Amino acid sequence: MDTHNRSAVEEFALQSFSEEPGLRGLFLVLFLLLFLGALAGNTLIVTAISLYPGLHTPMYFFLTNLAVLDIICTSTVLPKLLENLAVKGGTISYQGCLTQLFFLTWFLGAELLLLTVMAYDCYVAICRPLHYSTWMGRPVCALLAGSVWAVSAISTSVHTGLMTRLTFCGPNQIQHFLCEVPTLLRLSCSPTTLNNVMIVVADVYFGVVNFLLTMACYCCIIASILRMRSAVRKQRAFSTCSSHLLVVTLYYSTVIYTYILPGSGSSLENGKVVAVLYTVVSPTLNPLIYSLRNKDVKVALRKVFF
């Protein structure tokens with residue numbers, strides 16, 4: 001299908017993160033530093049895990065996937081955000097907007113699935129240690145990681161395909177600094193019932209179901225830790241999964257705010273801040289959270305780079 005002929009709008013006008021001229025320069029420098037920090041931090045994580053044999057375990061295999069997702073997610077959003085801060089009144093083509101929507105939705109969904117897989121890995125390691133080598137063998141890990149990428153790719157293909165069926169006849173002003181499904185649907189001149197239905201289905205699966213599975217894993221983990229008699233074992237078990245729990249809390253709180261509660265009455269400015277948290281701040285903090293709270297990662301970084 002020729003998506004260009006489905007829409008009278010050839011480009012969309014994106015809002016800048018801030019309309020105040022005095023603040024735009026400050027935000028430009030801040031987001032540039034965060035972008036470089038996210039790229040550098042996640043690249044270091046991927047390199048250290050790949051080159052240090054001591055980290056060739058399921059937990060760090062999934063952490064590598066998380067770092068790759070963070071690199072691509074920031075690279076999908078930040079260049080356009082920086083451009084709009086540098087040049088007020090930035091625009092994005094119709095095709096470019098759908099491309100950004102496709103990749104952003106793909107990697108956000110994949111990250112939610114991956115966090116659930118990482119929670120399951122922690123559950124098996126702490127609650128079923130005798131079965132860990134069998135339940136989390138290399139073929140199983142490869143299957144889980146491949147499923148994360150594939151399932152999310154299918155979901156975003158459905159959403160993007162449905163978006164191409166809509167007609168955008170104006171206005172073309174997106175009330176955001178990026179292209180997301182909720183903001184684009186507000187501009188559609190054609191019915192969006194099927195799109196909204198699929199959004200609900202995706203929200204239930206990616207948001208609710210995966211959140212419940214993750215929380216179920218951590219309830220079992222906490223119960224198992226509390227039953228341990230050794231204080232050393234308790235501390236070791238808690239340190240194994242505390243970093244992941246912190247990342248889960250940060251990520252789910254922002255994504256739920258944006259996609260599951262889009263009609264909560266929150267201001268557009270709050271929506272921009274929340275979007276920055278899960279597309280910029282979270283990918284920047286993840287390498288710090290996993291490296292500063294993990295002795296194995298710190299050892300690997302020292303041996304690989306120093």
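The model shown is predicted, which means the values in this text are computed figures rather than measured ones.
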Polar side-chain atom of Lys272 near backbone of Ser16 as donor-acceptor pair, under 3.5 Å:
yes
Linking I/L/V/M/F/W/Y whenever any side-chain heavy atoms sit under 4.5 Å apart, do Leu301 and Leu51 land together?
yes
Show the nearest heavy-atom pair for residues Arg24 and Asn84, with the distance to one decimal.
NE-O, 4.5 Å
Please walk me through it: do Leu39 and Ile71 pass side-chain contact (heavy atoms from CB on, under 4.5 Å)?
CA-CA 6 Å; Leu39 293 179; Ile71 290 173; 3.9 Å; yes
Flag the pair Phe211 / Phe206 as yes when their ring centroid distance falls below 6.0 Å, and as no otherwise.
no
Ignoring hydrogens and geometry, is there a side-chain-to-backbone donor-acceptor pair from Ser243 to Tyr290 under 3.5 Å?
no
About how many Å separate CZ of Phe27 and CZ of Phe17, when rounded to the nearest 0.5 Å?
5.0 Å
One should read off an interatomic distance between Leu144 CG and Thr116 OG1, to the nearest 0.5 angstrom, of 11.0 Å
Does any non-hydrogen side-chain atom of Thr183 lie less than 4.5 Å from one of Gln175?
no
Measuring centre to centre across the rings, with the benzene-like ring taken for any Trp, is Phe12 within less than 6.0 Å of Phe168?
yes
Can you measure from CZ (Phe61) to NE2 (His56) and round to the nearest 0.5 angstrom?
11.5 Å
Quick one: do Ile221 and Val232 end up in the same hydrophobic cluster if we chain Ile, Leu, Val, Met, Phe, Trp and Tyr together by side-chain heavy atoms under 4.5 Å apart?
no
Any donor and acceptor pair, going by atom type alone, linking the side chain of Thr279 with main-chain N or O of Ala275 inside 3.5 Å?
yes
Flag, side chain of Thr164 to backbone of Gly161, donor-acceptor distance under 3.5 Å
yes
Could you tell me which non-hydrogen atom of Asn195 sits nearest to which non-hydrogen atom of Met163, and how far apart they are?
ND2-N, 3.8 Å
Apply side chain to side chain donor-acceptor pair (under 3.5 Å) to the pair Tyr52 and Asp296, showing each step before the final yes or no.
CA-CA 10 Å; Tyr52 187 64; Asp296 293 334; over 6 Å; no
Are Val201 and Leu212 connected in a single hydrophobic cluster, I mean Ile/Leu/Val/Met/Phe/Trp/Tyr linked by side-chain heavy atoms less than 4.5 Å apart?
no
Heavy-atom side-chain proximity of Phe35 to Phe31 below 4.5 angstrom
no
If you compare all heavy atoms of Gln173 against all heavy atoms of Leu14, which two are closest, and at what distance to 0.1 Å?
NE2-C, 4.0 Å
Could you tell me whether Gln235 atom CD has more than 12 heavy atoms of other residues or ligands within 6.0 Å of it?
no
Within the structure provided, determine whether Glu180 and Ile174 are in side-chain contact (heavy-atom separation under 4.5 Å).
no
Look only at the side chain of Thr214 and the backbone of Asn210, and say whether a donor-acceptor pair between them is shorter than 3.5 Å.
yes
Does some side-chain heavy atom of Leu81 sit less than 4.5 Å from a side-chain heavy atom of Leu78?
yes
Under the side-chain contact (heavy atoms from CB on, under 4.5 Å) criterion, do Met118 and Val248 qualify, and how do the steps go?
CA-CA 10 Å; Met118 295 174 74; Val248 167; over 6 Å; no
Does the side chain of Tyr94 come within less than 4.5 Å of Glu11's, by heavy atoms?
no
Can you check whether Leu34's main-chain N or O pairs, donor with acceptor, with Thr284's side chain at less than 3.5 Å?
yes
If only atom types and distance count, is the side chain of Asn42 paired as donor or acceptor with the main-chain N or O of Pro283 below 3.5 Å?
yes
Minimum heavy-atom distance Met136-Val124, with the two atoms named
CG-CG1, 4.1 Å
Taking C-beta and beyond as the side chain, do Leu85 and Lys80 meet within less than 4.5 Å on heavy atoms?
no
Is there a side-chain contact between Ser152 and Leu112 (heavy atoms, below 4.5 Å)?
no
Determine, step by step, whether Val276 and Phe177 satisfy the side-chain contact (heavy atoms from CB on, under 4.5 Å) criterion, reporting the C-alpha distance in whole Å, the side-chain angles of both residues, the deciding distance to 0.1 Å, and the verdict.
CA-CA 10 Å; Val276 164; Phe177 60 82; 3.7 Å; yes
Which of these, Thr192, Leu101, Leu162, sits in a side-chain contact (heavy atoms from CB on, under 4.5 Å) with Val181?
Leu101
Looking only at heavy atoms, what is the nearest atom pair of Asp121 and Tyr132, with distance?
OD1-OH, 2.6 Å
Can you classify the ring geometry of His244 versus Tyr218 as parallel (below 30°), tilted (30 to 60°) or perpendicular (above 60°)?
parallel
I'd like to know if the side chain of Thr156 and the backbone of Phe102 have a donor-acceptor N/O pair within less than 3.5 Å.
yes
Expected output: side-chain Gln100 to main-chain Thr76 donor-acceptor under 3.5 Å:
yes
side-chain contact (heavy atoms from CB on, under 4.5 Å) evaluation trace for Thr160 with Thr105:
CA-CA 9 Å; Thr160 307; Thr105 307; 5.9 Å; no
Tell me whether Cys169 and Cys189 have SG atoms closer together than 2.5 Å.
yes
If you measure from the SG of Cys127 to the SG of Cys220, is it under 2.5 Å?
no
Sub-4.5 Å side-chain heavy-atom contact between Leu108 and Cys73
yes
Where the side chain of Lys303 meets the backbone of Lys298, is there a donor-acceptor pair that is under 3.5 Å apart?
no
Rounded to the nearest 0.5 Å, what separates atom CE in Met198 from atom CG in Asn196?
11.5 Å
Closest heavy-atom pair and its distance - Cys217, Ala119
CB-O, 3.8 Å
Shared ILVMFWY cluster between Leu288 and Val247, side chains joined below 4.5 angstrom?
yes
Count I, L, V, M, F, W, Y as connected when their side-chain heavy atoms are under 4.5 Å apart, and connections chain through other members. Are Val68 and Leu143 then in the same cluster?
no
Please report the interatomic distance CD1(Ile92) to SG(Cys97), rounded to the nearest 0.5 Å.
5.0 Å
In Å and rounded to the nearest 0.5 Å, what is the CG to CD1 distance from Asn65 to Ile49?
9.5 Å
